[in-house]
Amino acid sequence: MTSSEIIWWKKGIIYHIYPLSFMDSNGDGTGDIPGIISKIDYLKWLGVNAIWISPVYVSPMADLGYDVSDYTAINPCFGTMNDLDLLIEKLHSVNLRLIVDFVPNHTSVKHPWFQKSRLSKDNPMRDWYIWRDGSVDGGPPTNWLSTFGGSGWEFDEIAGQYYYHAFLKQQPDLNLRNPAVLKELQKVMTFWLDKGVDGFRVDVMWHLIKDRLFRDNPPNPVYLEDEPQYQRLIPAYSTDQPEVMDVVYNFRKVIDFYHERVLIGEIYLPINQLVDYYGFDQQGAHLPLNFHLLVEEWNAQKIYKGINEYEGSLPPDAWPNWVLSNHDRPRVISRIGIGQARIAALLLLTLRGTPTIYYGDEIAMEDSPVTPDKTKDLGGQSRDAQRTPMQWDSGPNAGFTSGKPWLEIGKNFKVCNVEQQRQQASSMLDLYRRLIDLRKSQPALHCGNFIPVGINGDIFAFLRTTEGDNTVFLIAVNLSHTAGTFSIPPRFNIPGSILLSTCNNRNNEHITREIVLEGDEGIVVKILSTK
Ligand code: GLC
């Protein structure tokens, strides 16, 4: 298959926007849809192909939009439905796509469905949520924990029963075993697809179905006291149930009714379980999100092993994907430092599969801790640090707002911002731009094969190839701060010349079998001949 025949979500790059923090157009201190529209030029210049926006639906904002009280209306703090329509139109006019968040696992307590459901045991919507009587000893129905800590069950006085919430108690879980609920959620998808959105990122896909028998979760034998409380148990009965795939297939059916749309699933599971979400004959999620680079310890042996395990576990024809950061986890720079974050960017944009870039990572934004009295996130350990406003320039409020930003701007914004980095040849933004350009211009990089070359200490290498034109790229990365060498095994054809290095300008430098890399260096080499 040639590059031009490959669908956009396979060869393209996704850029994840947290709308509250991207760009404020009206000075109220929170980012909004017109703000995103005003930055389309930037997205185009950066070279990404699609944006995924975290939820902008009507919500009491207990979980900052992931507690939806109306799935088909826009929260006024983000703008209007007209703004959303305009966003779709403007993105499409420059060949960019829009992926929206879809939160089918739970609603807000304020959603009319929940308000009706809690009223009485015999009302038609009772079974839309997960209601249970307490256990015989008077406690909650099961030992299931909320991801954010504490019991996952809340007793509701009006209902006279407990309801289950995998996240905040303001986010009751829907009962997706109920066909009426599923049908209503499919209608929500249809509403947005008819508007022209190009796909969904489905929130917490692995949570959608719970054990029919409501069995207690077993204790986690390797739990350590300082770990989050949720990890005390293995969520064997509250997540990743086999029947979840029926829900995923039903979502996919809606997607497949439309032309070239994508179904992405947020799934934190070990690789062997994750790949099940592609589904039988790949009728499940197109892209079950792969968080290996986000959750794994940053160590060459573990990262290389995980890459190979992932590649080796993918069902035939399943398309891979890679994520470095998101709004729930510390930013990549804060996890592994600036030097290694450059390596991570290189991996993200040269591995096989669709990359997702989290806004601000391209300018090396760091976590910016917010003091507990100012925290906006109620979800257990505050996630505000990785959600601070985008740093556009060195002017007031980093160019994000003319008002008071909803979260404090990162302290380093005077030196870490788009305007400055656009002019600096060695900036993170410049590196992202070069990597994106290279990836887009080379079929071997955006749709070619992946071949592992080997690992030696902290350095590993792999090839990207295309069958048709014989182009081969070698990527070698040093995951330590000290220089090292890597010897390419004799079965691979070398030499080549360097196209890009994360450190110095080594362009066109000739490479033979012995590769010398500086600390924190990664390179892309074009192999000159494979004959
Ligand atoms: C997902 C979202 C996260 C949210 C949770 C509950 O993990 O990414 O931000 O808190 O779901 O909806």
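For reference, positions follow the sequence shown, starting with 1. Note that ligands are numbered from 1 as they come in the structure, with each ligand's atoms numbered from 1 the same way.
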TODO: Test the Arg132-Trp153 pair against the cation-pi criterion, namely NZ or CZ under 6.0 angstrom from the six-membered ring centroid and within 45° of the ring axis.
DONE: no

Task: For Phe200, ring pair (Phe, Tyr, Trp, His ring centres under 6.0 Å) partners two or more places apart - done: Phe102

Task: Glu243: side chain to side chain donor-acceptor pair (under 3.5 Å) partners, not counting sequence neighbours - done: Arg177

Open item on the list: Can you confirm if the NZ or CZ of Lys11 lies within 45° of the ring axis of Trp319 and under 6.0 Å from the centre of its six-membered ring?
Closed with: no

TODO: Return the set of residues passing salt bridge (charged side-chain N to carboxylate O under 4.0 Å, His left out) with Asp328 (not counting sequence neighbours), or none when no residue passes.
DONE: Arg383, Arg387

- [ ] Return the protein residues near ligand 1 (heavy atom under 4.0 Å from any of its atoms), ordered by chain and residue number.
- [x] Asp63, Tyr66, His106, Phe148, Phe167, Gln171, Arg201, Asp203, Val204, Glu266, His327, Asp328, Arg383, Arg387

TODO: Measure from the side-chain N and O atoms of Trp144 to the backbone N and O of Arg215, and report whether any donor-acceptor pair falls under 3.5 Å.
DONE: yes

